[in-house]
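Have a look at the structure below, then the notes.
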Amino acid sequence: MNLRPQPLPFSFYLQDTVSLARALLGQLLCRRTAEGLAAGIIVETEAYLSKDDPACHAARGMTRRNAPMFGPPGRAYVYFIYGNHYCFNVTSGPEGVGEAVLVRALQPLEGVELMRRRRGIALNLVNLANGPGKLCRALNIDTSLNGHDLREEPLWIATGGPAHFDVVSAPRIGISQAKEKLLRFYIKGNNYVSRRASIERNPGTGD
DNA sequence: GGGAAGATGTTCT
DNA sequence: GAACATCTTCCCT
């Protein structure tokens with residue numbers, strides 16, 4: 001495949017965090033290492049907000065871990081969790097405001113065999129990157145990329161995904177607070193989403 | 001310096 | 001569906 005992903009411009013990241021979480025769906029997350037290019041379509045995201053959101057890492061102010069959330073938008077915020085896994089976020093909101101979008105699942109598009117090697121076991125396509133820890137493993141993302149500008153190699157976000165699709169909003173996963181907020185977004189009907197909601201709502205329409 | 005919780009994945013029942 | 005591995009970060013003493 002002659003894939004030449006072009007990075008999204010800085011202006012893309014200037015929208016509010018919920019809008020950004022939705023706008024990131026269908027975009028390409030691209031990762032280049034010495035082993036080659038690996039890329040996938042972002043099919044599931046979650047928004048974490050600075051106001052009225054106790055589940056957000058930035059809810060209690062800036063710490064060493066969450067500092068990238070308070071920096072400029074369009075950067076990587078990577079953290080280690082549960083002793084085993086990394087999670088990849090896109091920073092958002094104006095500088096000084098701690099917000100981010102967690103990327104939860106990818107539809108593998110390029111470098112599938114590379115992803116499979118990194119994941120270690122013989123997996124079908126669906127299970128390569130359908131979870132935040134899985135996609136970090138598949139793309140070899142760790143905290144060395146924390147704060148990285150997502151317009152640049154070796155980790156960037158580009159246009160080139162599907163042209164049209166419906167978006168579903170649902171409760172976020174794995175949190176203990178603010179569980180009721182519908183701040184998870186995914187591409188309706190996509191098989192690479194980590195978990196489908198029992199009721200699939202379209203955001204903003206209330207139905 | 002210590003303790004508890006955590007934006008998960010895998011395996012087992 | 002439930003248990004658990006595993007360890008960093010942060011908050012408290």
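Throughout, protein chains are lettered first and strands after them, A, B, ... in sequence-line order, and every chain is numbered starting at 1.
Using a 4.5 Å cut-off on side-chain heavy atoms (C-beta onward), A:Ile175 and A:Lys181 make no contact. Side-chain atoms of A:His57 and A:Thr63, non-hydrogen and from C-beta on, never get closer than 4.5 Å to each other. By the 4.5 Å heavy-atom criterion applied to side chains, A:His148 and A:Pro154 are counted as neighbours. Using a 4.5 Å heavy-atom threshold, the side chains of A:Cys87 and A:Leu102 count as touching.
A:Arg137 comes within 4.0 angstrom of no nucleic acid atom, judged by non-hydrogen atoms across all strands. A:Arg65 comes within contact range of the sugar-phosphate backbone alone, with a heavy-atom separation under 4.0 Å but no base atom that close.
When each of A:Asn127 and A:Asn89 is assigned the nucleotide of DNA chain B bearing its nearest heavy atom, the one mapping closer to the 5' terminus is A:Asn89.
A sub-4.0 Å separation between OP1 or OP2 of B:dA7 and a side-chain N or O of A:Arg195 is absent. Between B:dA5 and A:Ser176, no contact under 4.0 Å exists linking OP1 or OP2 to a side-chain N or O. A sub-4.0 Å separation between OP1 or OP2 of C:dT9 and a side-chain N or O of A:Thr63 is absent.
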Using nucleotides 6-8 of chain C, report all nitrogen or oxygen pairs with the protein that are shorter than 3.5 Å.
residue	atom	partner	partner atom	Å
C:dT6	O2	A:Tyr82	O	2.4

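Across the protein-nucleic acid pair, A:Tyr86 atom OH and C:dT9 atom C1' stand 14 Å apart, rounded to whole Å. Here B:dA7 presents its P atom at 12 Å from CG of A:Asn66, a figure rounded to the nearest Å. Distance, A:His85 NE2 to B:dG6 P: 15 Å, rounded to whole Å. B:dT11 atom C1' lies 14 Å from atom CZ of A:Arg119, rounded to whole Å. Atoms CZ (A:Arg60) and C1' (B:dA7) sit 14 Å apart, rounded to a whole Å. In this entry the distance linking CG of A:Asn124 with P of B:dT10 reads 12 Å, nearest Å. Distance, A:Gln177 CD to B:dA4 C1': 14 Å, rounded to whole Å. Atom pair A:Lys134:NZ and B:dT10:C1' shows a separation of 9 Å (rounding to whole Å applied).
When the shell of 6.0 Å around CZ of A:Arg196 is examined, it contains more than 12 heavy atoms from other residues, nucleotides or ligands.
Ring centroid separation for the pair A:Tyr79 and A:Tyr77 comes in under the 6.0 Å cut-off.
Which of B:dA7, B:dT8, C:dC10 sits closest to the side chain of A:Ile173 comes down to B:dT8. Between C:dC10, B:dT10, B:dA7, one nucleotide has an atom nearer to the side chain of A:Arg64 than all others, and that is C:dC10.
A:Arg172 and A:Ala55 get closest at one heavy-atom pair: NH2-CB, 3.9 Å.
A side chain to side chain contact (heavy atoms under 4.5 Å, CB included) with A:Lys134 holds for exactly one of A:Asn127, A:Leu128, A:Leu139, A:Leu106; it is A:Asn127.
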*DNA chain B base-pair string [pairs: Watson-Crick or G-U under 3.5 Å; |: paired with another strand]*: ||||||.|||||.
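A:Glu99 and A:Ser92 share no side-chain donor-acceptor pair at under 3.5 Å. Under the 3.5 Å distance criterion, with hydrogens and angles disregarded, no donor-acceptor pair is assigned to the side chains of A:Thr143 and A:Asn146.
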